[in-house]
Novice: 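Take a look at this one; I'll ask things after.
Per chain, numbering begins at 1; letters A, B, ... match sequence-line order.
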Amino acid sequence: MKIKALKGFKDIVPGDVELWQHLEKVARSLFDRFNFAEIRLPILEETELFARSIGETTDIVEKEMYTFVDKKVTMRPEATASLLRAYIEHGLYVQKPVQRLFTIGPMFRHERPQKGRLRQFHQMDVEVLGSESSRVDTELMAMGSMLFKELDLVVSLEINSLGCPACRPGYRQELVRFINDRIDSLCADCKRRSTSNPLRVLDCKVPGCREQMLEAPSILEHLCPGCKTHFHQVQTGLQQLGIEYRLNKFMVRGLDYYCRTTFEFITGDLGAQAAVAAGGRYDGLVETLGGPKNTPGIGFAMGMERFILLMQQKKESEIKKQPVDLFMVGLGEKGTETGFVLAHALRGMQFTVAMDHEGRSLKGQMKQANKAGARYVLIVGDDELAAGKGILRNMKEDGQQEVALVVEKVAEILI
RNA sequence: GUGGGCGUAGCUCAAUUGGUUAGAGCACCUGGUUGUGGCCCAGGAGGCUGGGGGUUCAAGUCCCCUCGCUCACCCCA
């Protein structure tokens, strides 16, 4: 019986990994320009952390977490909870009142895999803690937007506001009334949602439900003055930065902690998965997790697998790996030995050097060099040893010259 | 958890309505006269046809079970 990777767990093999590296490189550069600091977080946390932050009754907590029941620990299904835990644990709010942090890594949810959805998947997560400013909301969306642009991906931005504990309950009541008036024409799932999570009825995909909900009251018309102003400023900011967006009053969030601004970067190219990145504001969460009162927060997560799928869909998405500067060809015991030592020295001087250790013929080694995409080949055999000079062949230009078998001399030409 | 589609070499796919030792391309290895890559040519290696059972003189092909992959629902990045 062959052992295979678990369902929903994937290897990222050479050939694919280059695209991942490219994504991370572009993203890190961007996060840096927006003045975010990296934080690295553990994968295991107390189960309690996720139950409290994500919400006891969400699908994630109820049935999708990888939990070691006996040890009461869980593999993180998302990053925000861990990040806030670390923020509180280390008193980061004391060092600097506004923290701008990002983290990159694997998340785990026991779901049935499908396109753009795995059990171990990877997210890049960005959070700003300690600022209520609408500029932060705008800036985060602008950064997301810039990332897609720099990766040459086309997605659209949708935004909404979910209100706050002051205005949402009133809206919720009105929505429930609206839903109950037509409960009979809604799907079974929506009937269930009408009591458990009425806001979710808004983004049901069943056409019948959509039609029924078309005239549903909008949260945007029920925002309290504070939320209303805040959301207005967010939009003004987006306009000032020339960020295109669309208002989507049906957009809600799956995690309990969100309030006010929520947003999604969506695409139609990933099958059933529309959201490539999504997030929003969560002003009460830090306090809920035992942190200081009145610590606002906002953040969003980017699904890396989804980015990769989009990047792969583009024809010209070939990312080349680092070229090999030199392929060392050794002939005979002595020549191979000399080449081996030279190769090591050159690597110490920052050159990328490849060498074959399978005792192939000169022709065989030349083929390997060609496949490796080597810029140069250095041939060292008995004749070369006798003369103290190796043959350095330029593989791109088809010329070759003699070079003294001294590291510095070879390095001079490789530069 | 529920439903649909699909399982033949590392990859992409063939195999005449069940019929010899299951083939091809790509990739891989070795050669094409002494020590020079790419293109070309020749040769080689690589499959218990996902697994198990059944029908039959005969099964990759038909039937049943099982496992896996995949897409979708739910939910979500």
Side-chain angles (χ1 to χ4, degrees), chain A residues 1-8 10 13 15 54-55 57-64 77-80 104-126 144 155 187-190 192-193 196-197 200 203-206 251-255 263-267 270-280 299-310 327 329-332 335 356 358-384 390-396 398-400:
Chain A
M1 192 64 185
K2 247 190 283 184
I3 297 179
K4 302 203 294 189
L6 292 170
K7 184 198 286 288
K10 285 261 191 297
V13 296
I54 298 169
T57 61
T58 55
D59 278 22
I60 293 179
V61 172
E62 273 186 346
K63 48 192 192 197
E64 294 177 358
E78 55 109 39
T80 305
I104 299 176
M107 309 294 157
F108 305 84
R109 293 183 198 172
H110 191 102
E111 299 182 278
R112 201 67 175 267
Q114 64 190 67
K115 193 181 182 75
R117 154 182 288 176
L118 294 171
R119 289 184 173 177
Q120 175 178 332
F121 60 104
H122 299 77
Q123 289 188 337
M124 301 188 288
D125 193 70
V126 176
V155 298
C187 71
D189 282 326
C190 282
R192 177 175 50 78
R193 292 184 186 113
S196 66
N197 194 351
R200 282 234 145 268
D203 72 346
C204 181
K205 286 181 192 125
V206 177
M251 185 172 71
V252 297
R253 308 270 60 211
L255 285 58
F263 58 97
E264 285 185 3
F265 288 94
I266 62 173
T267 173
L270 288 180
Q273 268 60 243
V276 187
F300 74 108
M302 292 153 270
M304 296 179 78
E305 277 78 6
R306 297 183 183 179
F307 272 78
I308 296 293
L309 284 172
L310 289 177
F327 193 100
V329 171
L331 297 171
D356 186 82
E358 310 314 309
R360 289 179 217 265
S361 65
L362 172 59
K363 180 175 178 164
Q365 293 190 61
M366 289 300 290
K367 283 189 177 182
Q368 296 298 318
N370 186 55
K371 262 184 292 201
R375 289 166 52 219
Y376 286 91
V377 162
L378 180 61
I379 300 168
V380 185
D382 292 341
D383 298 351
E384 288 72 25
I391 296 170
L392 188 67
R393 178 173 179 82
N394 185 326
M395 296 293 275
K396 309 288 178 205
D398 276 354
Q400 57 186 44

Novice: Let me know, please, whether Gly271(A) or Ala5(A) comes out on the 5' side of the other along RNA chain B by nearest nucleotide.
Specialist: Ala5(A)

Novice: Ignoring hydrogens and angles, answer whether the base of C74(B) and the side-chain atoms of Arg112(A) contain a donor-acceptor pair closer than 3.5 Å.
Specialist: no

Novice: Whole Å only: how far is the NE2 atom of His110(A) from the C1' atom of C74(B)?
Specialist: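 Whole-Å distance recorded here is 14 Å.
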
Novice: Given Watson-Crick or G-U pairs with both distances under 3.5 Å, what dot-bracket string fits RNA chain B, with | for other-strand pairs and [ ] for crossing?
Specialist: (((((((..((((.....[...)))).(((((.......))))).....(((((..]....))))))))))))....

Novice: Which comes earlier along RNA chain B counting from the 5' end, the contact point of Ser361(A) or that of Lys7(A), where each point is its nearest nucleotide?
Specialist: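 Result: Ser361(A).
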
Novice: Rounded to whole angstrom units, what separation is found between the CG atom of Leu118(A) and the C1' atom of U70(B)?
Specialist: 12 Å

Novice: If I compare all heavy atoms of Ala374(A) with all of Met395(A), which pair ends up nearest, and what's the gap?
Specialist: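 Nearest heavy atoms, Ala374(A) then Met395(A): O-CB, 3.4 Å.
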
Novice: Under the 3.5 Å rule, do the base of G32(B) and the side chain of Lys363(A) count as making a donor-acceptor pair?
Specialist: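 Indeed, a donor on one side and an acceptor on the other fall under 3.5 Å apart.
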
Novice: Could you state the atom-to-atom distance from CG of Leu362(A) to C1' of U30(B) in whole Å?
Specialist: 15 Å

Novice: Using whole Å, report how far CG of Leu309(A) lies from P of U70(B).
Specialist: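 For the pair Leu309(A) CG and U70(B) P, the rounded distance is 12 Å.
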
Novice: Using whole Å, report how far NZ of Lys371(A) lies from P of C29(B).
Specialist: 4 Å

Novice: Roughly how many Å is it from CE in Met304(A) to P in A77(B), rounded to a whole number?
Specialist: 16 Å

Novice: From NZ of Lys4(A) over to C1' of G51(B), roughly how many Å is that when rounded to an integer?
Specialist: 11 Å

Novice: For the ring pair Phe327(A) and Tyr376(A), is the centre-to-centre distance below 6.0 Å?
Specialist: no

Novice: Below the 4.0 Å mark, does C29(B) have OP1 or OP2 next to a side-chain nitrogen or oxygen of Gln368(A)?
Specialist: yes

Novice: State whether Arg117(A) and Glu111(A) are salt-bridged, where the test is any N-O pair (Lys NZ or Arg NE/NH1/NH2 against Asp/Glu carboxylate O) under 4.0 Å.
Specialist: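 The answer is yes: the pair qualifies as a salt bridge.
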
Novice: Considering just the side-chain nitrogens and oxygens of Lys63(A), establish if one lies under 4.0 Å of OP1 or OP2 belonging to C76(B).
Specialist: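 No, because none of the side-chain N or O atoms of Lys63(A) sits under 4.0 Å from OP1 or OP2 of C76(B).
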
Novice: Distance check needed: C6(B) P versus Lys115(A) NZ, whole Å only.
Specialist: 18 Å

